[in-house]
Structures are given as structure tokens and as C-alpha cells.
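Since the structure comes first, as C-alpha cells, the remarks are kept for the end.
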There are 2 protein chains.
Amino acid sequence: MRASQYLITTLKEAPAEAELISHRLMIRAGLIKRLGSGLYTWMPVGLKVLRKVEAVVRDEMAKTAKALELLMPAVQPAELWQESGRWEFYGKELLRLKDRHERDFVIGPTHEEVVTDVVRRDIKSYRQLPVNLYQIQTKFRDEIRPRFGVMRAREFVMKDGYSFHTDFASLEKTYWDYYNAYCNVFTRLGLKFRPVAADTGSIGGTGSHEFQVLADSGEDAIVWCPTSDFAANIELAEAVSPAHARPAAAESMTKVHTPGVKTIAQLADFLKIPVEKTVKAVVVDGVDGKPVLLMVRGDHSLNEIKAEKLPQVKSPLAFSTPESIVEAFGAAPGSLGPVNFPGTVIMDRTVDRMGDFVIGANEDDMHFTGANIGRDIPEPLVADIRNVVEGDQSPDGKGVLEICRGIEVGHIFQLRTKYSEAMQCTYLDADGQSVPMEMGCYGIGISRVVAACIEQNNDDKGIIFPAAMAPFTLAIVPVAADKNPQVAETADSLYQSLLAAGVDVLLDDRAERPGVKFADMELLGIPFRVTVGGKGLEKGIVEFAIRATGEVKELPVGEALALIQSNMAV
Amino acid sequence: MRASQYLITTLKEAPAEAELISHRLMIRAGLIKRLGSGLYTWMPVGLKVLRKVEAVVRDEMAKTAKALELLMPAVQPAELWQESGRWEFYGKELLRLKDRHERDFVIGPTHEEVVTDVVRRDIKSYRQLPVNLYQIQTKFRDEIRPRFGVMRAREFVMKDGYSFHTDFASLEKTYWDYYNAYCNVFTRLGLKFRPVAADTGSIGGTGSHEFQVLADSGEDAIVWCPTSDFAANIELAEAVSPAHARPAAAESMTKVHTPGVKTIAQLADFLKIPVEKTVKAVVVDGVDGKPVLLMVRGDHSLNEIKAEKLPQVKSPLAFSTPESIVEAFGAAPGSLGPVNFPGTVIMDRTVDRMGDFVIGANEDDMHFTGANIGRDIPEPLVADIRNVVEGDQSPDGKGVLEICRGIEVGHIFQLRTKYSEAMQCTYLDADGQSVPMEMGCYGIGISRVVAACIEQNNDDKGIIFPAAMAPFTLAIVPVAADKNPQVAETADSLYQSLLAAGVDVLLDDRAERPGVKFADMELLGIPFRVTVGGKGLEKGIVEFAIRATGEVKELPVGEALALIQSNMAV
């Protein structure tokens, strides 16, 4: 492609509201343009990146996941969502609308209902199963606060796959085919990523893995063990019980006045004790509507997803109001504890192994020191309700945990029969019995992959695209071609040779200063650049530069094509 | 692809509501599945057809139209439609919705507003023009009565292109590039089609061409001249004045009683005269709100689009109510005429050259015979207000007109400055003056092309796809492979060789009877079929069948690959 016939609209400045590096760089490089809140146009140079991601995904869907592509409508009748129960359950992120006849519809944020309807109409016999379908499609999710560009947009491109099976063994086989396909996709795209065990959240079902692109700015905390295969989203990662037993009580329990102390940090500071000697009290509504006291060590944090799954706790999780807390405990938050609290108390496993700790006394501005379970507090219910921290033992017992940040770009779920039961998606088995199908679903956020890639690969000059995702693999920059016809001739001849060799090459023949061209090609993240002109050309050489490393090589014009190809192949 | 690993869901019967052949066949062949009114899922085998159309379109967009692909959001802010004025103008076909913050949006049926917004933000100088962009995208149009499957669906796939220019000459150049690109697209897809001059309708602007796929069931009447290049939609085709002058009056005007005569056919029958001697009166509202009398020859029909463009006539066209007609004429419809009518009278060019004709007398159940312009009726306004009929002179004077039916699959428009003026999409010219851009827009109904193709190419066995659009180019049908291992071996070996040769081949290895397989492959419209098995194979031959002609050839197994390739190339 000749840049003079292309549309390159780079900007010096990113808009003020762009907080994330990838958002700023995508706007500055002209990959996307904002149309409205959470709505972006993919400009030609950005769409080229998106399409390269799509092509790799399609290839792996066919080869490794063995899925067939179809295309379902974006606009879906509300009846299907009522059938599955999600019409009520799904919040305002589901964009609902009425057609001219006042019938209810949604713009699909996901297609479980539609694909289940498609399959139940056509697939009747075990002989027709498994069925494995996917689409690449524009979705809509009415985010309350869209931000970060295409990272959390309202309209976005997604690959969503769905599989249907006679039994769980067949589902599991396809599930792992997708797992492998996703690993191949992100490897081929040149991304550093990690598959992690994940919570199944609102989609429901049993097993689930997320595929996380590693980046310091990632929203998700990923827990992993460098000495084993263990990796999980922090939402799910199990915090195991400490190896040691609960120590015997050494101190006696003493009530102390702690005026103005509201936080754990203030408490440790006031009492001049390590924060690990304190216990934090969190009060949530129980299934019976009464407050439930959850206890984690002072330096730990409650894992709300784990808490929500406790049978004693109301779902979705609701923190108790200050009024109901005062009524139940006789004190305001900041001084709460289990002593003399008649309700349900659930302690984290780590708290269960503590002795002589400090805890609120259920009187405002009062705490107990030297509290001990058994002696001062009845044996409580114990559960894993905290987030793991670095240095915790890995749940597989094979090392200690580390935590890094990631951006979720893929997610696979074993849905089991959640939708097929609700929507009567059944097949006749060999005995003529009607059985609900086992089901899996598998997503990749295609547009999000582009943002995540940039979040992972950038420097102060701009984007550093891996070759597989770059809008162009190589840019040729002629310098001062208007003053020396040999520059244009050499650049053009090289351009033609590279095109013929199948290289996705951009010839920057724009009437711009060399500095502008270099800056644009760097901002766009084009992996390789050949500069033609100046003293080098007089000596018969062109300059070959590698965006990721900054390395520059001089290549003799006569051998340039072959040397460029071998240098790009490295 | 092996059929056993594919999803073929053909049906014996089409649903009762499917009126059109293409709709019936697409449902029966399992290309599409209905989700709701005007909403269809493209099943894998149908999507493959759609994608082949898209690929040809993309190639011609890049090569011939020289356009760059981008992707704009489907959901568009209402503000842009308010800016262009179409928020008010566009009817209920525009699906409007509110997001969670109660802001107004539309699901785009077209993207003039969005692309104009994209361009006005980035393109500031004449040096950046022309800009030529297109997308292939899912659109939504809330049809009041969706029908005919994907021919008139609510959600559909469209290629929409938009170009921006400094001047009309540049617009015209790009307009003809698109014209050529569209001709190439439909030629490459193997369709019989015709580009025709067209009305610009609600899109506005000046020049316009439609691309019509010829089919007897088409909604559009296409007028063309076999001895010249003339072709136009009947909406636009000019009916020229008869070559002869107006004859002198021979009869005297006589009032006759025509009891119960309401239609032209009844009138000619009652008076025992040729229908060509009668004149039809149509009354519409004028710009001043008063009735305007339009007159066309009895056997001709009023062209409403031409009538609407008359300066004396209100737009949009409104037929006058019976009450206002009786008030203005003193008679009810069926007996209306120009004699003693004091209002505006506009005659078609053909009526202007008639003498001694029959016309309503403005008294119920009364007509005049022997009426003549000049003597009995004042010289009226004359205009082209009728539809042409077969046998009319071509407007280019190079022959006589014929009429055929077509399905509109493409439309190109010179929009000029309609949107750029309304939305301040301007550039700075060489003198630093701000000038609105000239604009063109160019659409292809991608999903409609598939339906139109089937409407044109089918028989009682099913679809007859041209090779360029077929889901598979060739099907191999092994017969009774379970009884003879040589059948499976030969079929499989041929399948592998054809795949390696780049042929898009389907091996029908399903455990079905041969009759079912043959019927499915014919219904699906696969252009070529190779049958392996039976007595033929014992003699060392396979059978090669051509779907379009029904021709069958016997090919020696050893030479099958080469002979299949040469036969397909014909």
C-alpha cells in the first residue's frame, strides 16, 4: 500500500479523557475514532489489525476447536431471554428496545439463547451431536461508564462459540480443544498471556478458564505459582489453611479504649502492634436477612465472590447498613467483633489459626486485645473468604504464589445444562429418551485483544505491534525523494519486490518531512522499517530498523530484498 | 470438508409463509433459519455463500473502486441524525432506542451521518481529498412487513461506501469507478444483471444508478432498449412525446349517459371503443392545497414519482379525498374530466397528441365523447407523467423499449453536498476558503445478492448456484461405501487430491441413502458432483454431473482429477 493513497490520521495529542496507554495510543495512531460514549469507528489502519486477529482466530477455530462458523442476528426477540430467565436477571447492561410494533427486543451482548434456539430446532438425535458453532460479530453491552477506548466499549467485536453434546465427556473434550485453540491464537498473535482458572460468574455452569494478556495495567489480578502449573484469577484462587496449628492463648483478653480508631492501620498504629495481630470484621446480610459477621486478618482482604458463595450469606452479596449493624452489634463499624455477638460468625482459615489477637469489642471506641478462639470466642464456622496474597502457599502444595496483572481477552465455560434445561434443548438418546444437551460456551474479545496487545507492547514512541498483528509488517521510508530521483526509484523497486514476495508493506510516499514519517511509523508500531536515501544510498546501502529492539542494520541495496526477508524471519 | 463433520440441515418442506422461491429454497436448503420476523441466522453453509460474495466485493472495492475499508458502529447517536435532518424525516423504519442514561440512539440503516462525522473531524485540507471509504456491516431497517426471507429482512448485511471530494469532477470519476466495480462484482459472481438509471429517492442528490439482477419475480420494472445502451428503472424512464402531431378534431363533443361505468375498461366496453381512445383522470393535491387534475391515456398508468416532482403538485404525493373531489368537480371519481374544471390540469405528452377522445363530464354517470384539446378544453400544461410501456420509443431515439423485472442489489448515488452542508463537512481550498465537500454513496445489499441469485438460478430440484457463489464447488457422493471399501478409498483419495488442488470440495460421507445425498446436493445448488460407486466403479469410472445443465459424463478413475478440473474450468 502507498501511504499517499491510504488514510493515515495520526495525532500529536490524545484526548484528555484517555486514561489508559492503549486508549491514548490507539487514538493518537488513528486506529480508532470516537463516535460517542463507548462507540468507536475502526479506521482503515485499525481495522487491518482487527482483521489480522480475526483471521488467526478463524483459522484456529476451524483447525483446533473444530467449530463451524455461522452468523446470528444482533437483534434478538425478548421471548428467548424470558425463556432462559435472563430477561429478569440481566441488568441494565442489556440494551432493550421496542420495534415499531412495540415488541420487545435486545441487542445481543451474548448469544446463548439464540444459539440454543437454533440448535433445538434442528438437532433432535444423539446421532447429530456434538454440534460446535461460532461466530465473529458485533455485540453491544450498555456499560454504565464506558472507558479505556475499545477495552471497555459498549459496541465491540467478539468471537463467541457454543458447543452441544450428549454427555459431559464429549463437552470436556471440546472444552479442551477450545483451550488449546485459544493458547494457539494468543501464541500466534505474539502475546504474553496466561490461561487461568476462573469463576463462572453470571454465565453459570461448572469449569471455566480465562485467558489473560499480562500487563501491569490489567484490571484482573492473576495468581500463579512459578514452580507448578497453578494459575487462577484472584477471584477464584484458594487461600489454604496455614500449615501451623492455632497457638495456645498467652495473654488474657483485655478491653482497651481506642478513641477515634476506625481503620485497621489506625488500630495497629495506636496499639503499636503488627497489623498481622489484628482481625478485620465485615458485616453482610445473611440468607435469613440477619447480619453475618465475616472475619479476615487485618492485612488481608475479603474475597466477595467467595463470600457470596457461602450458604449462610445472601446472594448477590450485600453489605449490611450502618443502622442494622448498630442494632445487631450495639456498636458502629470500626469496633465490631465476635465477642458476645449472638449471630452467625464466619472466620477465614487464617484467623482460625491466630492467637492473642485484637478485635472490636462491640462498644464504640473499644477493642479487645489478647482475644483467643475457644476461650473468649466460641468455635466459629471457618471458610476460605479472603483474597490470596503473594507468598501464600499454592493450593497444589507445590510452591508459593505470585500475583501479576492481566487483561481478560478470552473466557471458556462449561455451561452444562443451564440453558438446555431452561429452553428445552433436548435430544433423543439411543433408547429414545429425551435428554437435555450438555453445553459449553467460548468467547474471545476480538477488539479487546488489540487494546490488550498495545497495553503490553508499547514505549514512549508508540505501539510496538508483534508482526502477526501489525497493520503493516514493514514500512519503507524514502528520504528527500523529491530532491533525488534515485531515492524514489530504489524505494519503489524495493516496494514492488516486497509486495511480490507477499510482504504486507507500506511505502510512505507522502510529501512529509522524514521526521514526521519516522514518528508516524513508530507510533503505528510497524515492526520493521527500511529507510532509503541520504548518504547511505550514495554508498549503495539502505537502513533496516527493528521497532521492538531499536536495532539498525545497513543492507547493500543489491541484497536488500533477501536480507530484509531473512531479518524479518528471525 | 467432510459432510459428516459439517452441519447440513435440509428440509422437505418450506414454511407456509415463504412466498418467494428464493425464500423457500434458502430455508429448505438450510442456508438460513428464522429467528423472528425479518431476523435470520446464517447457518454455516449459508454463511459460506455470503462470505464468497463479500470476498469478491472486497476485492473489487480495493482494485476498482479504490476504496479503503473501515468499520463504523452500528449504534449511532441521535444527535447526528438531528444534524442531518433525517431524525424527523426518516419514518418508523429507523429503529430508535434509548440507552440506560435515556439518551437517544438509532441502529443504523445507513451511515451517511457517521461517515460524514468521521471525515469532518480529520479531513481539513484539499490536499487530503478525495477520501473513499467503505464497510461491510450488519444494518437494521424496521420494515413494517418484513417478508421474502433475506430479500426484505430487518437485519441484513450491506456494503456501504462513501466518497468525499473537492469538486464534482472528482466525485464523477469515483462514481464511475464504483459503477465499474459493481459491474465487475456481479459479472464475477455469475449473475445476469443490468445497471439502470434510477431515481435518487429519499437519499437525495443528483445522478444515480441501480444494479438490477434480472428475475421474473423482481419487484422493480426495468426499461431497456435492445438496440442501444439505454436502461432505467421505470420510475425514472422518460416517456417521450409521440412523433405525430395532434390530429384535427373530426367528431363533435357529445355528452353520453354511462350508467354504472366506473373504470376505463368498463367505459371502453360500454362505448365499444378501443381503450386508447379514452383518457384517465387522476386527482392529486396541489402545492396550494387545491386538487390538480392529471390526465393519462386510458391504457397508460400514472408514474407517481414523476408526478410528485411537478412544481404544481404537493410532495409527498397525496391523492385527493373523495370529498374534496366532489367539491371541486361536482362529481365523484369515475366521471371526472377537464371540461369546465377551473383548476390546474396537467396532461401527459401522449394525451396532448390525442383527438376525439372520451373523458369524464364532471357529472356522475356521464362522459363526453369526441372531446378535443383547443376546441373543447383549453390548452393544458403538458408533462411526462406516465410509466413507459413496451414498444414506446427509447428516449435516446435509438429503438423501442422493452421491459423486464429485476431485483435491486446495488445502488450508487451522487449525493453532492446534501450532507456536507447540513453537517458542516468542509475543507479549506488552495485559497484558504472553507468549502463543503462533494459526496457520493454506494451500496450493495450483500445478503440480498444471495437471495437474488437464487431467484434467478433455480429449478424444481433446488438452487443452481454459479460456481463463484456456491457453498462448495463440487460434491463427491460415495454410493454404498459401507458395502464396498473401494468406494470409500476412491472417494477419499479423490477428495484429498481435489483439496490439494485448491478445490472447495464437500465429501458427502454421511450415513444416508444415495437418493438423500443426491437430493441434498442438488437442493444446495452445488455446481458439480462426482458419484463414486456401483457398476461404474467396477468398470473403473466415476460419474461427473453438472448441476446447471444436468449433463453427466463418465470419467476414468485414473484421469478423474485432471478431467474434473478441465470440466469445471469450462
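In the text below, chain A, chain B and the rest are named by the order of the sequence lines, each starting its count at 1.
In this structure, the separation between CG on B:Asp122 and OG1 on A:Thr9 is 4.0 Å, given to the nearest 0.5 Å. Here the CG-CD distance, from A:Leu39 to B:Gln76, works out to 9.5 Å after rounding to the nearest 0.5 Å. Put simply, CD on A:Glu155 and CE on B:Met72 are 11.5 Å apart, with the number rounded to the nearest 0.5 Å.
Counting heavy-atom neighbours within 6.0 Å of B:Arg2 CZ, excluding the residue itself, gives a total above 12. Other residues, nucleotides and ligands contribute at most 12 non-hydrogen atoms within 6.0 Å of the CZ atom of A:Arg127.
Among residues 62-71 of chain A, the residues having any heavy atom closer than 4.5 Å to a heavy atom of chain B are, in sequence order, A:Leu68, A:Glu69, A:Leu70, A:Leu71.
For a residue to count as touching a neighbouring chain, one of its non-hydrogen atoms must lie under 4.5 Å from one of that chain's; by this rule B:Gln5 touches chain A with the backbone only. Contact annotation for A:Glu93: both backbone and side-chain heavy atoms come within less than 4.5 Å of a heavy atom of chain B. With a threshold of 4.5 angstrom between heavy atoms, A:Tyr6 approaches chain B through its backbone and through its side chain. Of the two parts of A:Lys92, the backbone and the side chain both hold a non-hydrogen atom closer than 4.5 Å to a non-hydrogen atom of chain B. If you measure heavy-atom distances from B:Tyr40 to chain A, the contacts under 4.5 Å come from the backbone alone. Looking at A:Leu7, the atoms closer than 4.5 Å to chain B (heavy atoms on both sides) sit in the backbone and in the side chain alike. For chain B, the nearby parts of A:Val75 are the backbone and the side chain; heavy atoms of each come within less than 4.5 Å. Heavy atoms of A:Glu143 lying under 4.5 Å from chain B belong exclusively to its backbone.
Ranked by heavy-atom pairs under 4.5 Å with chain B, the list A:Ile107, A:Leu11, A:Leu35 is led by A:Leu35.
Side-chain contact between B:His101 and A:Ile144 is present, with heavy atoms from C-beta onward closer than 4.5 Å. Taking 4.5 Å as the limit, every side-chain heavy atom of A:Leu97 sits out of range of all side-chain heavy atoms of B:Lys98.
Partners of A:Arg120 by side-chain hydrogen bond (donor to acceptor under 3.5 Å, both in side chains), not counting sequence neighbours, listed by chain and number: A:Glu83, A:Asp117.
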Salt bridge (charged side-chain N to carboxylate O under 4.0 Å, His left out) assessment of A:Asp99 paired with B:Arg154: CA-CA 10 Å; A:Asp99 74 358; B:Arg154 297 204 286 181; 2.8 Å; yes
